[in-house]
Amino acid sequence: MTTAPTSKDDSSAQATPADAPFDPLAFPKDLLDAQRREATLYAELHAHQAPLPWSREPHEGWAGDPDQKRRGRPSTDGWSKDQADTYDKLWEDLRKATAAVQSHTWWDRCESEGIKGAALVAARMALTHADGAIPLQQADVETAA
């Protein structure tokens with residue numbers, strides 16, 4: 001059986017992933033998933049908190065002081081047990097999701113490949129906007145509307 005000869009110098013051959021230079025923005029799927037979970041939990045936490053009273057605990061509030069440009073706060077009965085429990089659970093889940101993103105092995109790989117300092121910061125920031133890392137984009141909202 002005869003096989004066609006191959007040449008490593010063949011310029012028409014495409015580079016394999018092993019031959020390609022390291023791309024710090026080629027985030028692995030599990031990191032994108034972790035970032036999407038973090039962003040989703042962040043949004044859920046803030047959506048849950050937005051309608052809640054300003055104080056978690058009952059408080060009599062205080063009057064504003066226009067001379068010091070200090071706004072007053074109305075009295076409140078605070079949060080219900082269910083509201084507080086939901087907030088605490090979301091906050092704990094968000095802390096865990098953030099830790100999963102921040103301690104992902106991808107960042108160690110980046111550093112071992114020479115991505116450090118401002119370049120590493122830029123890669124971490126790019127993750128927050130990467131396709132698949134955010135739960136909903138403006139185009140998604142416009143399409144749904």
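Heavy atoms only: backbone and side chains are in, while hydrogens, waters and symmetry mates are out. None of these values were measured; they are calculated from a predicted model.
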Shortest non-hydrogen contact from Asp23 to Leu25?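 Looking at all heavy atoms of both residues, the shortest contact is OD1-N, 2.9 Å.
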Kindly give the heavy-atom pair with the smallest separation between Ala84 and Arg56, and that separation in Å.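 Shortest heavy-atom contact: CB-NH2, 3.5 Å.
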For [X] and [Y], which I'm curious about, is there any donor-acceptor pair between the side chains at under 3.5 Å?
X	Y	result
Gln102	Arg124	yes
Thr98	Glu38	yes
His104	Asp30	yes

Side-chain ([X]) to main-chain ([Y]) donor-acceptor, under 3.5 angstrom:
X	Y	answer
Arg71	Gly64	no
Thr86	Gln83	no
Trp106	Pro24	yes

Over 12 non-hydrogen atoms of neighbours within 6.0 angstrom of CG in Asp65: yes
Does a sphere of radius 6.0 Å around CH2 in Trp62 hold more than 12 heavy atoms from other residues, nucleotides or ligands, not counting ones at 6.0 Å or beyond?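 For Trp62, atom CH2 is crowded (more than 12 foreign heavy atoms under 6.0 Å).
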I need the Leu127 CG to Phe27 CZ distance, nearest 0.5 Å.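 Reported to 0.5 Å precision, the distance equals 5.0 Å.
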Quick check for you: to the nearest 0.5 Å, what is the distance between Arg95 atom CZ and Leu90 atom CG?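 CG of Leu90 is found 11.0 Å from CZ of Arg95.
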Does any non-hydrogen side-chain atom of [Y] lie less than 4.5 Å from one of [X]?
X	Y	answer
Leu45	Leu41	no
Pro58	Asp77	no
His129	Ile134	no
Leu31	Thr105	no
Phe22	Arg109	yes
Glu111	Ile115	no
Tyr87	Asp82	no

Can we say [X] and [Y] salt-bridge, meaning some charged N sits less than 4.0 Å from an Asp/Glu carboxylate O?
X	Y	result
Lys81	Asp88	no
Lys89	Asp93	yes
Arg37	Asp33	no

Could you check whether the rings of Tyr42 and His46 sit parallel, tilted or perpendicular, using 30° and 60° as the cut-offs? tilted
Test side-chain contact (heavy atoms from CB on, under 4.5 Å) applied to Trp79 and Glu57, step by step: CA-CA 6 Å; Trp79 300 357; Glu57 303 297 326; over 6 Å; no
Would you say Val101 ends up clustered with Leu94 if hydrophobic residues are merged whenever their side chains have heavy atoms under 4.5 Å apart, either directly or through other cluster members? no
